[in-house]
Amino acid sequence: MRIVIGSDHAGFDLKEALLAWLHAAGHEVIDVGTDTDASCDYPVFGAAVGRAVAAGVADRGVAVCGSGLGICMAANKIPGVRAAVLRTVEDGEMSRRHNDANVACFGGRVTTVTEAERSLSAFLETGFDGGRHGRRVDLLAELDAEDRPA
Ligand code: RB5
């Protein structure tokens, strides 16, 4: 799978660990930064991950900040992105089965590398259930289209 990954400074260490893990698992990984643990702004990197997924440059995205929350909000601002914060393996599974999530978000200050790898593995291996969940994901796409200039 082609996966785009990004983080702010607070997610940098976990981002680097997940990047190595994804490479070892045979994925193609696009790293949009940040490249150091110097203070920076999570919206920049959440948007970069989201844009790569929405444009089809990557199949899935991984975004990391301190809590996972801010960078998830940023990614979800990009139309076509369905980003979810993953704290458990169940989050990884259900975000795929019911929400067809395409960006996995993690908190480097609250989630260990091992926990993140397990949740991300579930996220990457689980399919979308479709059916009634497809109708709901279509409704999410309609929200993306609302209020956009013609
Ligand atoms: C940075 O201190 C922190 O606010 C950021 O990484 C993130 O947790 C925001 O949601």
Side-chain angles (χ1 to χ4, degrees), residues 1-25 27-126 128 133 136-137 139-149:
M1 215 179 272
R2 186 180 298 183
I3 298 171
V4 59
I5 191 165
S7 76
D8 72 355
H9 57 289
F12 176 69
D13 287 347
L14 180 56
K15 190 257 288 180
E16 293 295 297
L18 291 177
L19 193 155
W21 181 83
L22 286 165
H23 268 309
H27 296 286
E28 185 181 337
V29 189
I30 303 162
D31 183 1
V32 295
T34 186
D35 301 322
T36 73
D37 61 4
S39 184
C40 60
D41 300 324
Y42 62 81
V44 174
F45 299 95
V49 169
R51 287 191 180 110
V53 172
V57 172
D59 305 305
R60 301 272 177 87
V62 176
V64 192
C65 66
S67 63
L69 301 174
I71 205 159
C72 190
M73 292 179 193
N76 273 319
K77 294 286 185 188
I78 307 301
V81 169
R82 292 178 300 281
V85 179
L86 307 188
R87 295 273 168 93
T88 64
V89 170
E90 288 73 23
D91 289 340
E93 286 174 8
M94 295 312 294
S95 67
R96 291 289 310 133
R97 287 187 55 197
H98 284 199
N99 313 117
D100 200 15
N102 50 16
V103 175
C105 302
F106 296 96
R109 291 174 176 161
V110 295
T111 298
T112 67
V113 172
T114 302
E115 288 168 341
E117 287 172 354
R118 289 188 183 140
S119 304
L120 183 54
S121 180
F123 173 83
L124 294 174
E125 289 168 13
T126 303
F128 179 46
H133 304 295
R136 293 161 186 165
V137 168
L139 288 168
L140 286 177
E142 286 183 24
L143 295 176
D144 280 340
E146 278 183 19
D147 300 323
R148 274 210 245 164

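One-based numbering, in listed order, for ligands and for the atoms of each. Excluded from the calculations below are hydrogen atoms, water molecules and symmetry mates; all remaining heavy atoms, backbone and side chain alike, are included.
No more than 12 heavy atoms of other residues, nucleotides or ligands shown are found within 6.0 angstrom of CZ on R51. Around CZ of R87, the count of heavy atoms belonging to other residues, nucleotides or ligands within 6.0 Å exceeds 12.
Heavy-atom minimum distance, N76 versus A83: OD1-N, 2.8 Å. Residues A63 and V103 come closest through the heavy atom pair CB-CG1, 4.3 Å.
Checking only distances, L69 never comes within under 3.5 Å of ligand 1, N or O to N or O.
If you number the atoms of ligand 1 from 1 as listed, the ones under 4.0 Å from a heavy atom of Y42 come out as 5 (C), 9 (C). Of all atoms in ligand 1, numbered sequentially from 1 with element shown, those under 4.0 Å from a heavy atom of G66 are 5 (C), 6 (O), 7 (C), 8 (O).
Within a 4.0 Å radius of atom 4 (O) of ligand 1, the protein has no heavy atom.
Of the protein's non-hydrogen atoms, the one nearest atom 2 (O) of ligand 1 is R109 NH1, 3.2 Å. Among all non-hydrogen protein atoms, the one lying nearest atom 10 (O) of ligand 1 is G70 N, 3.0 Å. For atom 6 (O) of ligand 1, the nearest non-hydrogen atom of the protein is D8 OD2, 2.6 Å. The nearest heavy-atom contact from the protein to atom 7 (C) of ligand 1 is C65 SG, 3.4 Å. Remark: minimum distance from atom 8 (O) of ligand 1 to any protein heavy atom is reached at S67 N, 3.0 Å.
The main-chain N or O of G108 is never found under 3.5 Å from a side-chain atom of T111 such that the two would form a donor-acceptor pair.
Rounded to the nearest 0.5 angstrom, R136 CZ and D100 CG are separated by 14.0 Å.
Proximity of A10 to ligand 1, defined as any heavy-atom pair under 4.0 Å, is confined to the side chain (atoms from C-beta onward).
A donor-acceptor pair shorter than 3.5 Å can be found between the side chains of S121 and E125.
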